[in-house]
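In what follows, a structure is listed as structure tokens, so that the remarks can point back to it.
Predicted, not measured: the structure shown is a model, and the values here were computed from it. Protein chains get the first letters and strands the later ones, always in sequence-line order, with residue 1 at the start of each. Every heavy atom of this structure was used, including side-chain atoms; hydrogens, water molecules and symmetry mates were not.
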Number of protein chains: 2
Amino acid sequence: MSTISGRAPTLDEVAREAGVSRSTASRAINGGKRVSPTAQAAVDDAVQRLGFTPNPAARALATQQTGSVALVIPEPDDRFLNDPFLLGVLRGVSGALAVTELQLVLLISNRTPGRLVRYLQAGHVDGAIIASPHRGDHLEEGLRGSRPIVFIGRPFEMNGLSFVDVDNVTGARLATEVLVRAGRTRIGTVAGPTDMTAGQDRFIGWQEALDAAGLPHDAAEAADFSVPAAEAAAERLLDAHDVDAIFVASDTMAVGVRRALDRRGLRVPDDVALVGFDDLGTAELMHPRLTTMSNPVLDLSARATSMLLARLTDPSLPPEHVLLPTRLVPGGSV
Amino acid sequence: MSTISGRAPTLDEVAREAGVSRSTASRAINGGKRVSPTAQAAVDDAVQRLGFTPNPAARALATQQTGSVALVIPEPDDRFLNDPFLLGVLRGVSGALAVTELQLVLLISNRTPGRLVRYLQAGHVDGAIIASPHRGDHLEEGLRGSRPIVFIGRPFEMNGLSFVDVDNVTGARLATEVLVRAGRTRIGTVAGPTDMTAGQDRFIGWQEALDAAGLPHDAAEAADFSVPAAEAAAERLLDAHDVDAIFVASDTMAVGVRRALDRRGLRVPDDVALVGFDDLGTAELMHPRLTTMSNPVLDLSARATSMLLARLTDPSLPPEHVLLPTRLVPGGSV
DNA sequence: CTGTTAGCGCCTTCAA
DNA sequence: TTGAAGGCGCTAACAG
């Protein structure tokens with residue numbers, strides 16, 4: 001370290017130290033195309049000696065690229081931190097980006113789309129992944145046509161947008177069919193929120209399965225994918241209907257449902273059979289283990305990330321829709 | 001919107017549209033000091049009409065400030081996502097920053113300090129909060145004297161550095177004293193990792209309490225704050241010692257300890273009494289509820305954030321060390 | 001209160 | 001292969 005000043009060294013100083021021009025220094029630092037071995041070595045050396053790191057702001061200004069992408073979680077932070085799916089998304093995206101030069105910027109949006117949209121529009125990041133969008137957070141419009149964006153979880157307004165999602169309809173149908181095959185005839189559901197497509201789609205799958213079996217589908221209550229809301233929804237469901245099985249739209253919510261059942265002295269699976277959705281750790285902690293549908297959140301995230309990376313390279317790529325399959329994970333709750 | 005081009009509008013265009021100079025437009029946009037009402041209105045109008053947002057890279061280059069701060073989690077991502085304390089830190093910092101103009105950049109460092117230090121040195125962010133530093137990730141040196149930094153959890157090398165921490169030594173002592181007062185005489189510990197001060201300090205507190213009571217402190221095994229590691233540590237402990245109580249350095253680890261006890265048919269608290277540390281949700285889910293020490297992670301995070309903010313404003317502030325108290329949260333495990 | 005004038009640090013044509 | 005020159009978009013003295 002021969003740094004004199006406290007300031008970070010600039011490209012100018014590197015060039016001077018190496019005895020070349022700024023342009024040559026710049027080339028040597030970025031890929032080294034069209035640079036003589038001599039010059040390259042001199043620059044490398046100077047960089048080392050000075051401990052030079054390119055100023056990201058200057059570079060971003062010149063290249064119009066920030067080298068970072070955003071992961072947007074449109075949920076209040078306490079919900080986010082209690083949701084295995086969203087945490088899985090963070091982990092998946094973070095992991096997929098780790099092998100890259102790109103930096104992850106986490107945006108927990110607390111439902112202030114204005115600020116969020118502005119942030120993305122302003123060009124703070126080169127692109128974004130948006131997890132589990134809600135109807136009503138009008139992210140789609142605000143962002144259309146700006147930087148590349150990939151959704152995890154199908155957005156309501158999907159034309160022109162890229163997304164990856166798990167096949168919720170099929171998954172919910174398969175889950176419900178398990179209950180049908182087990183001989184249950186009064187099958188209710190604690191559904192997800194209606195302002196999210198995951199909630200809607202799993203509800204539809206439940207309906208489809210019951211229709212196909214000629215069973216009624218009037219026993220349904222919605223909750224917002226949280227434990228307490230699911231508990232309350234289950235209470236309402238049990239008050240109004242005499243069910244012998246429940247398809248719960250997420251394992252997290254199944255915890256709440258179990259609490260309601262326990263309080264009434266209803267046994268699982270004897271009195272009420274249960275099937276959940278996600279298999280992200282919660283299911284296997286329950287007694288008996290919850291029968292559920294897998295949710296390949298890491299694959300989803302990796303896929304979304306690579307789709308985004310592709311669009312960073314070539315923004316003209318057409319929108320792409322990916323639906324990943326889910327499979328039954330048997331437990332003892334049916 | 002009268003935008004013609006697809007490009008984002010620049011300050012230049014705003015100025016032209018408003019019929020003023022760039023500087024006036026700039027002033028109007030930043031605070032509006034020394035700007036006539038007329039000019040202010042004209043600029044506001046133009047901004048509105050054009051949908052102008054300042055280019056962050058350009059602004060950062062000119063002001064030498066990025067408007068963002070980093071939260072550094074020096075853990076592999078899967079550990080981070082299973083650690084209630086670290087998730088609490090994320091939540092606390094995120095919440096404290098929400099009322100600010102500052103953007104949070106989450107850095108999960110996966111133990112590649114090189115890349116991390118470079119990122120911070122390069123000036124991507126104006127400052128950083130580093131959670132639970134480990135001995136060996138030489139973050140302290142690499143960062144000293146650059147941007148303002150506040151640690152959550154005392155760093156090993158603390159001179160010249162600011163940090164906030166919970167009073168681990170006192171907390172561990174109080175926890176162990178509960179066991180002593182309950183009449184236990186063979187009190188072991190499943191300690192935290194020795195490469196973290198939290199692990200060390202809680203171990204020291206346990207020792208102090210036993211010393212004061214005239215009891216031996218040879219029954220100790222360390223683990224890394226994860227469930228499986230704690231389970232293994234408990235196995236070793238139980239193999240080698242006949243204990244009637246264990247102070248476990250975190251509630252998460254207490255889950256692992258419980259598994260080991262259960263497997264041997266040892267009852268809590270009858271055969272072995274347990275006290276944990278953290279009270280971040282896990283303790284109340286255990287049966288019987290785990291007796292533990294509170295860990296005010298949200299306060300810690302808020303405090304760290306405000307310390308950082310203060311140093312962003314005035315970098316010359318002297319280092320500050322804050323130790324927050326912990327208190328006993330009674331359960332049924334003693 | 002306003003406009004002019006310089007940069008902030010880097011990348012990138014363009015000629016040489 | 002190299003260097004000179006201009007520009008990315010914004011802010012901040014400095015005169016006026």
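Residue side chain A:Thr24 does not reach the base of D:dT1 through any donor-acceptor N/O pair under 3.5 Å, judged by distance alone. Residue-to-nucleotide contacts include no donor-acceptor pair under 3.5 Å from the side chain of B:Thr63 to the base of D:dA12. Side-chain atoms of B:Arg22 stay outside donor-acceptor range of the base of C:dG7, with no qualifying N/O pair under 3.5 Å. Below the 3.5 angstrom threshold, one finds a donor paired with an acceptor across the side chain of B:Arg34 and the base of C:dT2.
C:dC11 atom P lies 12 Å from atom CD of A:Gln65, rounded to whole Å. Per the geometry, CG belonging to B:Asn55 stands 14 Å off C1' belonging to C:dG9, to the nearest Å. Between the C1' atom of C:dC10 and the CD1 atom of A:Ile29 lies a distance of 10 Å, rounded to the nearest Å. One interatomic measurement links the two molecules: NZ of A:Lys33 to C1' of C:dT12, which rounds to 17 Å at whole-angstrom precision. Spacing between atom CZ of B:Arg16 and atom C1' of C:dG3 amounts to 15 Å, rounded to whole angstrom units.
Using a cut-off of 4.0 Å between Lys/Arg side-chain N and Asp/Glu carboxylate O, A:Asp83 and A:Arg79 are scored as not salt-bridged. A salt bridge is absent between B:Glu157 and B:Arg135; no separation between the charged side-chain nitrogens and carboxylate oxygens falls under 4.0 Å.
Between the B:Asp126 side chain and the B:Thr66 main chain, a donor and an acceptor come within less than 3.5 Å of each other.
Remark: B:Thr10 is not in phosphate contact with D:dG9, judged by side-chain N or O atoms under 4.0 Å from OP1 or OP2. Between B:Ser36 and C:dT2 there is a side-chain polar atom (N or O) within less than 4.0 angstrom of OP1 or OP2. Taking 4.0 angstrom as the limit, B:Gln64 places a side-chain polar atom (N or O) nearer than this to OP1 or OP2 of C:dG9.
A donor-acceptor contact closer than 3.5 angstrom links the side chains of A:Arg59 and A:Asn30. Counted by atom type alone, A:Ser21 and A:Thr24 present one or more donor-acceptor pairs between their side chains at under 3.5 Å.
In this structure, A:Arg59 reaches the sugar-phosphate backbone alone: every heavy-atom distance under 4.0 Å involves primed, P, OP1 or OP2 atoms, never a base. Using a 4.0 Å heavy-atom criterion, one finds that B:Leu11 contacts the bases of the nucleic acid, with or without backbone contacts as well. Residue contacts shown for A:Ala57 are absent, as no nucleic acid heavy atom lies under 4.0 Å away.
With distances taken from any side-chain atom of A:Asn30 to the nucleotides C:dC11, C:dT2, D:dG3, the minimum falls on C:dC11. Counting only heavy atoms from C-beta on, B:Ser23 has its side chain closest to C:dT4 among C:dT4, C:dG9, D:dG9.
Residue order along DNA chain C, read from the 5' end via each residue's closest nucleotide, puts B:Arg27 first among B:Arg27 and B:Leu61.
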